[in-house]
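Remarks on the structure that follows.
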Amino acid sequence: MNAFTETHPSPLQAVVFDMDGVLIDTEIVWQRVREDFAQSIGAHWTTEDQESTMGTNTAAWSRIMVERLQLRERNGMDEAAVAREIVGRMLAQYRRHLPLRAGAVAAVQMAARSHVVALATGSPAELAHHVLQASGLAPLMQAVVCGDDVEHGKPAPDIYLLALARIGVAPHAAIGIEDSANGLRSLKAAGMAAIAAPSPDYPLSPEALALADLRIDSMEALTPELLQQAHANSARTPR
């Protein structure tokens with residue numbers, strides 16, 4: 001039982017959204033950008049490689065890329081260099097086309113009508129703020145926490161705990177929406193309720209889905225009733 005656990009469940013106060021795979025269908029974009037980069041240096045980026053980066057922050061995924069693509073040995077690139085390269089390629093893709101997930105904007109608007117909403121994304125701030133401005137969601141977010149704001153990215157709880165600290169809400173009064181196994185682990189480690197909203201291109205394993213208090217197959221399915229149901233399910237689960 002953590003410091004925030006209560007005998008009686010508290011009302012749901014906040015909804016914290018992940019970005020990649022939840023608000024925007026970009027996991028496939030991240031994969032293609034990394035594949036194209038790997039091909040440009042004569043290497044190969046696999047689906048397994050991609051899955052290892054999902055939900056992580058820039059420090060983590062850049063380290064994974066350096067190791068798996070042997071970038072130091074191939075062309076002398078370190079984590080900072082590959083991060084600049086990939087973020088630049090991603091921003092160029094976003095400027096050409098922002099792949100908003102169907103129902104995502106409406107889901108945030110719905111949640112904001114009765115709860116505090118925030119963003120907790122492993123993406124760097126440059127990408128997160130571009131997405132929020134381009135989608136029109138920036139004014140609704142009471143806090144925006146990016147992967148570069150914390151030392152330890154998902155699956156560590158840091159990013160969610162910082163988002164909650166900034167909005168002044170305890171974990172047991174908040175729920176998060178995630179598409180990845182790392183994200184769901186992060187939510188549970190933070191002591192929050194969790195809704196799994198996996199992208200069709202990246203289905204979750206049964207083990208990952210078991211972490212969620214509720215699953216939806218599309219962002220269009222998210223309703224106030226489902227938010228309350230997931231929060232209630234979490235309150236009944238022993239911690």
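Below, all heavy atoms of this structure are taken into account, side chains as well, without hydrogens, waters or symmetry copies. Here the structure is a predicted model, which is why all the values come from computation and not from measurement.
A donor-acceptor pair is defined here as one N or O able to donate and one able to accept, closer than 3.5 Å; such a pair exists between the side chain of Arg74 and the backbone of Leu69. A donor-acceptor pair is defined here as one N or O able to donate and one able to accept, closer than 3.5 Å; such a pair exists between the side chain of His231 and the backbone of His172. Judged by distance alone, with hydrogens and angles left aside, the side-chain atoms of Thr26 form no donor-acceptor pair with the main-chain N or O of Val29 at under 3.5 Å. Using a distance-only test at 3.5 Å, with no hydrogens or angles considered, no donor-acceptor pair links the side chain of Arg63 to the main chain of Glu79.
Contacts of Asp179 classified as salt bridge (Lys or Arg N to Asp or Glu O under 4.0 Å), with partners at least two apart in sequence or in another chain: none. By the side-chain contact (heavy atoms from CB on, under 4.5 Å) test, Ala59 pairs with Asn57, sequence neighbours left out. A search for salt bridge (Lys or Arg N to Asp or Glu O under 4.0 Å) contacts involving Arg185 returns nothing, not counting sequence neighbours. Under the rule for a salt bridge (Lys or Arg N to Asp or Glu O under 4.0 Å), Asp20 has no partner lying at least two apart in sequence or in another chain. A search for salt bridge (Lys or Arg N to Asp or Glu O under 4.0 Å) contacts involving Glu35 returns nothing, not counting sequence neighbours.
Neither Leu161 nor Met141 shares a network with the other; the hydrophobic side chains, linked directly or stepwise wherever heavy atoms of I, L, V, M, F, W or Y lie under 4.5 Å apart, form separate groups for each.
Between Ile177 and Val16, the closest side-chain pair of non-hydrogen atoms is not below 4.5 Å. With a 4.5 Å cut-off on side-chain heavy atoms, Arg215 and Ile195 do not count as touching. You'll find the side chain of Leu127 stays beyond 4.5 Å of the side chain of Gln93, heavy atoms only. Looking at heavy atoms from C-beta onward, Lys188 lies out of side-chain contact with Tyr160 at the 4.5 angstrom threshold. Side-chain contact between Ile24 and Arg101 is absent, with no heavy-atom pair separated by less than 4.5 Å.
Atom CG of Leu214 is separated from atom CG of Leu209 by 11.0 Å, given to the nearest 0.5 angstrom. Rounded to the nearest 0.5 angstrom, Asp25 CG and Ser199 OG are separated by 4.5 Å. The CG atom of Asp36 lies 13.0 Å from the CH2 atom of Trp45; values are rounded to the nearest 0.5 Å.
Between the side chains of Arg34 and Thr53, at least one donor N or O sits under 3.5 Å from an acceptor N or O. When only modelled atom types and interatomic distance are considered, Thr46 and Asp49 share a side-chain donor-acceptor pair under 3.5 Å. With 3.5 Å as the limit, one finds no donor-acceptor pair spanning the side chains of Trp30 and Gln50.
The number of heavy-atom neighbours closer than 6.0 Å to CD of Glu151, taken from other residues, nucleotides and ligands shown, is 12 or below. Around atom CZ of Arg32, no more than 12 heavy atoms belonging to other residues, nucleotides or ligands sit under 6.0 Å away.
Under the side chain to side chain donor-acceptor pair (under 3.5 Å) criterion, the residue pairs touching residues 124-150 are Thr58-Asp148, with sequence neighbours excluded.
Summarising the geometry of Ala104 relative to Met219, their closest heavy-atom pair is N-CB, 3.9 Å, with the distance given to 0.1 Å.
Salt-bridge formation is detected for the pair Asp18/Lys154: a Lys NZ or Arg NE/NH1/NH2 atom is positioned less than 4.0 Å from an Asp or Glu carboxylate oxygen.
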